[in-house]
There are 2 protein chains.
Amino acid sequence: MALQETMKALSNPVRREILMMLKTGAKPAGDIAQYFELSQATISAHLSLLKHADLIREQKYKNYIYYELNLSVFEEATLWLKGLTNEK
Amino acid sequence: MALQETMKALSNPVRREILMMLKTGAKPAGDIAQYFELSQATISAHLSLLKHADLIREQKYKNYIYYELNLSVFEEATLWLKGLTNEK
DNA sequence: CATCTATTTAGAAATTTAACGAAATAGATT
DNA sequence: AATCTATTTCGTTAAATTTCTAAATAGATG
């Protein structure tokens, strides 16, 4: 089930912050890494996980790999939470 | 930050299922444990984590400890997701 | 085509998480 | 008070996660 991957991906604060960064638009991996006090490799691993969870997509341009939000997949997580809080 | 605890708690499938179980009303720990093929001790640990994340509350009655959803805290998680999906 | 540059992959260490059985606790019930 | 019952706590183990450095790759650029 995809929900598990989504929730797992969202459970890490670095990954959540990456997602927040991408709210304002696609960014190359290097820009993202620079923002954190973590190695490029570590950020790359987080990006890979987010990508596998389908929360972000990559798009190559020139020498760079731009990452951008894939909003549609958040729906499922939102719905799960709603299902809990709403209807009786 | 509370969001971290909330997200961490929600990242585990057993804990999410426990929350779903509690949708229909408060249940004693034993009833919850019986539903899973996991030891009482393991379920107790999950309940403890959910309690610390403030997603559930306990309520003692007779010999039992009933657990129930504490819906208000889900709001924060919902809002975080909304903040991501809604307007830039 | 040789070499930068951006990024990923590999391998390893440290930490966290999830699980168990056994022992402890706390509250009813007899 | 003694005992039963529901649940937690303890100590341990196995697996997963997060991080690092170093090496590999893949595309531009000169």
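Keep in mind that the numbers below use all heavy atoms, side chains included, and drop hydrogens, waters and symmetry copies. Sequence lines set the chain letters: A, B, ... in the order given, protein chains first and strands last, and positions in each chain run from 1.
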H46(A) side-chain N/O to dT19(D) phosphate OP1/OP2 under 4.0 Å: yes
N/O donor-acceptor pair under 3.5 Å between K8(A) side chain and L49(A) backbone: no
Counterpart residues, side-chain hydrogen bond (donor to acceptor under 3.5 Å, both in side chains), relative to E58(B) (two or more places apart): K51(B), Y67(B)
Nearest listed nucleotide, side chain of S44(B), among dC20(D), dT18(D), dT9(D): dT9(D)
Under 3.5 Å: donor-acceptor pair, side chain of R16(A), backbone of L10(A): yes
Residue-level proximity of residues 55-70 of chain B to DNA chain D when a heavy atom falls under 4.0 Å: N63(B), Y64(B), I65(B), Y67(B)
Polar side-chain atom of Q4(A) near backbone of S11(B) as donor-acceptor pair, under 3.5 Å: yes
Separation of dT5(C) C1' from Q34(A) CD (nearest whole Å): 14 Å
N or O in side chain of T42(B) less than 4.0 angstrom from dC20(C) OP1/OP2: yes
Value in whole Å for how far the P atom of dC20(D) lies from CD of E37(A): 10 Å
For N63(B), side-chain contact (heavy atoms from CB on, under 4.5 Å) partners two or more places apart: none
Spacing between M7(B) atom CE and dT17(C) atom C1', to the nearest angstrom: 19 Å
OP1 or OP2 of dC20(D) under 4.0 Å from side-chain N/O of S39(A): yes
Length of the NZ-C1' vector between K27(B) and dT7(D), whole Å: 18 Å
Per R15(B) side chain, nearest of listed nucleotides dC20(D), dA18(C), dC20(C): dA18(C)
Spacing of E5(A) atom CD relative to dT17(D) atom C1', expressed in whole Å: 15 Å
Nucleotide nearest A41(B) (side chain, heavy atoms from C-beta), chosen from dT9(C), dT21(D), dG21(C): dG21(C)
side-chain contact (heavy atoms from CB on, under 4.5 Å) evaluation trace for L84(A) with M20(B): CA-CA 7 Å; L84(A) 212 59; M20(B) 291 307 281; 3.4 Å; yes
Whole angstrom value for the distance that separates P of dT8(C) from CG of L47(A): 6 Å
Sugar-phosphate, base or nothing in reach of K8(B), heavy atoms under 4.0 Å: sugar-phosphate
Length of the line joining F36(A):CZ and dC20(D):P, which is rounded to integer Å: 12 Å
Distance, rounded to the nearest Å, where I32(A) contributes CD1 and dT8(C) contributes C1': 14 Å
Nearest to side-chain heavy atoms of L38(B), which nucleotide of dT19(D), dT8(C), dC20(C): dC20(C)
Side-chain donor/acceptor of R57(A) to backbone N/O of N70(A), under 3.5 Å: no
